[in-house]
Peer 1: 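Please find one structure pasted underneath; my questions will follow.
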Amino acid sequence: MAEKRIVKVAAVQIAPDLDTSEGTLDRVLAAIAEAAQKGVQFAVFPETFVPWYPYFSFVHPPVLSGADHMRLYEDAVVVPGPVTEAVAQAARRHKMAIVLGVNERDHGSLYNAQIIFDADGRILLKRRKLTPTFHERMIWGQGDGAGLKVVDSAVGRIGALACWEHYNPLARYALMAQHEEIHAAQFPGSLVGQLFADQIEVTIRHHALESGCFVVNATGWLTEDQIASISPDENLRRGLRGGCMTAIVSPEGNHVVPPLTSGEGLLIADLDMGLIVKRKRMMDSVGHYARPELLSLLIDDRVAAPVRSINAARFSSSGESAEDAAEISSGTNDDAD
C-alpha cells in the first residue's frame, strides 16, 4: 500500500500596505514566517498582492486614475528582481513552496502575474493573467499560453489561475489535462460584496470537483481606513467591501476547513493527497471520463513576442518551412515558462 501523503497548506488573507511596496513585502515575509512556525509546506497569497491590487481602477474613471496608475508603475515588481529574491530566500529558508501574485512591470507595460516558488527558492513558473477583467484592462496587458502550465514541486503538481480566469473552462482544462494536484486560485477580495464571495465559492468548489484536485484560494483584505483612503465617496466605498472567500477545498468539492470571509488571518489545513485518486476513480475528466476523439483542446503555448523574424538564408539552406523558421528565430521577452 502506498504511504499516506499529507501536505500542510495555508491560504493567506491579509491587507497590503497601500503606501509602500516595501511595507507589503514585509507583510508577505512575516506571513511566510508565521506559516512556517505552524508547519506549513505550501502557501498562497492573494491576486497581485505586491505591491497592491489596483482597487482605484474599480471606483475611479480612467481620467482620474493617472496618478495612481503611475504610482503602481513605480512600485511594480520586476521579475526576477529584489522582491522575488526576498521571497525566494524565505521559501528556501522555510522549505516552503509559495504562490505570490504581483503587478509585474515589463518595460512599458504592467501585467497581472502569478509566481510559483519551489521549496528550494527556485521560480518554477511566472505566468500572466490571460485576459484582464473589465476595469483591469486599463491597467494590465494580456498574458499568453506559455503560462498555462502545471509544474512539479516539493508538494506536488501545482497549477494556478487568477480570478475570472476560472470562468474560462478551456484555461482550466489546460491545467486539468496536465494533472494538477494542488490548484492555487487568487482573487483580490474587498470587492463587490457578498455576491462576489458567493461566486468565488461556487467557482473554486466546481474546479476542485471537475479537476479532481485540491484548491487553495486566497483573497485580499482592506481595512476601513484603507477603503477611505481609496475614495472619499461612501457610495463608491461600498464597492470595496466584502468579496472575501479565502478557502481550501478538497477534490470532492468540500471545504477542508471553514472559509475565512472577513478580517486577516492564515487559513491552514492538512491535505490528504490520497483523496485525489479517490475522486478520480469515479470521474477523471481528462482520463477515463474524457472523449478526446470527440472533444479536445488546442493550445498555442508559445511566448507572445512583438517581433518574429525569418532567417531567409537558414530557411533556404535547411529546407524548413517559413513557419518553422519563424518559430526557431522568434524574439521573446524572456518570460519564465
Side-chain angles (χ1 to χ4, degrees), residues 9-12 14-36 40-54 71-130 132 139-141 143-144 146-155 158-163 182 184-186 188 216 218 220 303-304 332-337:
V9 303
V12 183
I14 55 176
D17 184 333
L18 295 181
D19 296 321
T20 69
S21 58
E22 294 81 8
T24 300
L25 177 59
D26 287 345
R27 295 184 182 191
V28 168
L29 298 177
I32 292 171
E34 180 182 350
V40 168
Q41 300 162 275
F42 176 65
V44 178
F45 287 84
E47 181 180 11
T48 58
F49 188 69
V50 183
W52 47 75
Y53 178 84
R71 193 163 73 92
L72 190 59
Y73 264 87
E74 292 166 2
D75 291 332
V77 176
V78 175
V79 182
V83 169
T84 59
E85 180 54 32
V87 176
Q89 288 181 9
R92 188 162 48 246
R93 181 183 313 116
H94 298 296
K95 297 180 173 60
M96 186 187 302
I98 297 166
V99 179
L100 180 67
V102 304
N103 289 271
E104 180 202 1
R105 180 172 178 176
D106 187 351
H107 300 283
S109 293
L110 298 180
Y111 297 91
N112 177 332
Q114 295 174 293
I115 307 174
I116 302 178
F117 298 85
D118 206 353
D120 60 4
R122 288 181 300 132
I123 293 179
L124 297 178
L125 180 70
K126 182 201 75 179
R127 67 170 306 272
R128 293 167 173 174
K129 188 174 184 178
L130 296 176
I139 306 299
W140 299 316
D144 56 38
L148 286 176
K149 288 186 172 63
V150 171
V151 293
D152 285 308
S153 76
V155 296
I158 301 172
L161 292 174
C163 202
I182 303 176
Q186 299 174 311
V216 181
V303 174
T332 71
N333 55 9
D334 295 326
D335 277 355
D337 291 340

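Computed from heavy atoms alone, side chains included, the values below leave out hydrogens, waters and symmetry copies.
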Peer 1: Pick one: which of Ile115, Ile32, Val102 meets side chain to side chain contact (heavy atoms under 4.5 Å, CB included) with Phe45?
Peer 2: Ile32

Peer 1: Whether Arg92 and Glu85 form a salt bridge (side-chain N of Lys/Arg under 4.0 Å from carboxylate O of Asp/Glu) is what I want to check.
Peer 2: yes

Peer 1: How close do Thr24 and Phe49 get, counting heavy atoms only, and between which atoms?
Peer 2: CG2-O, 3.2 Å

Peer 1: Over all heavy atoms of both residues, which pair between Val216 and Ala10 is shortest? Give the atoms and the distance, please.
Peer 2: CG1-O, 3.9 Å

Peer 1: Give a yes or no answer on whether the side chain of Asp144 reaches the backbone of Ala146 with a donor-acceptor pair at less than 3.5 Å.
Peer 2: yes

Peer 1: Indicate yes or no for a side-chain donor-acceptor contact from Asp17 to the backbone of Glu22 under 3.5 Å, with no hydrogens or angles considered.
Peer 2: no

Peer 1: Restricting to non-hydrogen atoms, name the atom on Pro46 and the atom on Gly220 that form the minimum distance, rounded to 0.1 Å.
Peer 2: CB-N, 3.5 Å

Peer 1: Nearest 0.5 Å, please: how far is CG in Asp26 from OG in Ser21?
Peer 2: 9.5 Å

Peer 1: Return yes if some donor-acceptor pair links the side-chain N/O of Arg127 with the main-chain N/O of Leu148 below 3.5 Å, else return no.
Peer 2: no

Peer 1: Scan Leu100, Val83, Thr20 and name whichever one has a side chain to side chain contact (heavy atoms under 4.5 Å, CB included) with Leu25.
Peer 2: Val83

Peer 1: Do the side chain of Asn112 and the main chain of Lys129 share a donor and acceptor less than 3.5 angstrom apart?
Peer 2: no

Peer 1: Would you check if the side chain of Asn103 reaches a backbone N or O of Tyr73 as a donor-acceptor pair within less than 3.5 Å?
Peer 2: no

Peer 1: So, do Ile116 and Ser153 sit near enough that their side-chain heavy atoms are less than 4.5 Å apart?
Peer 2: no

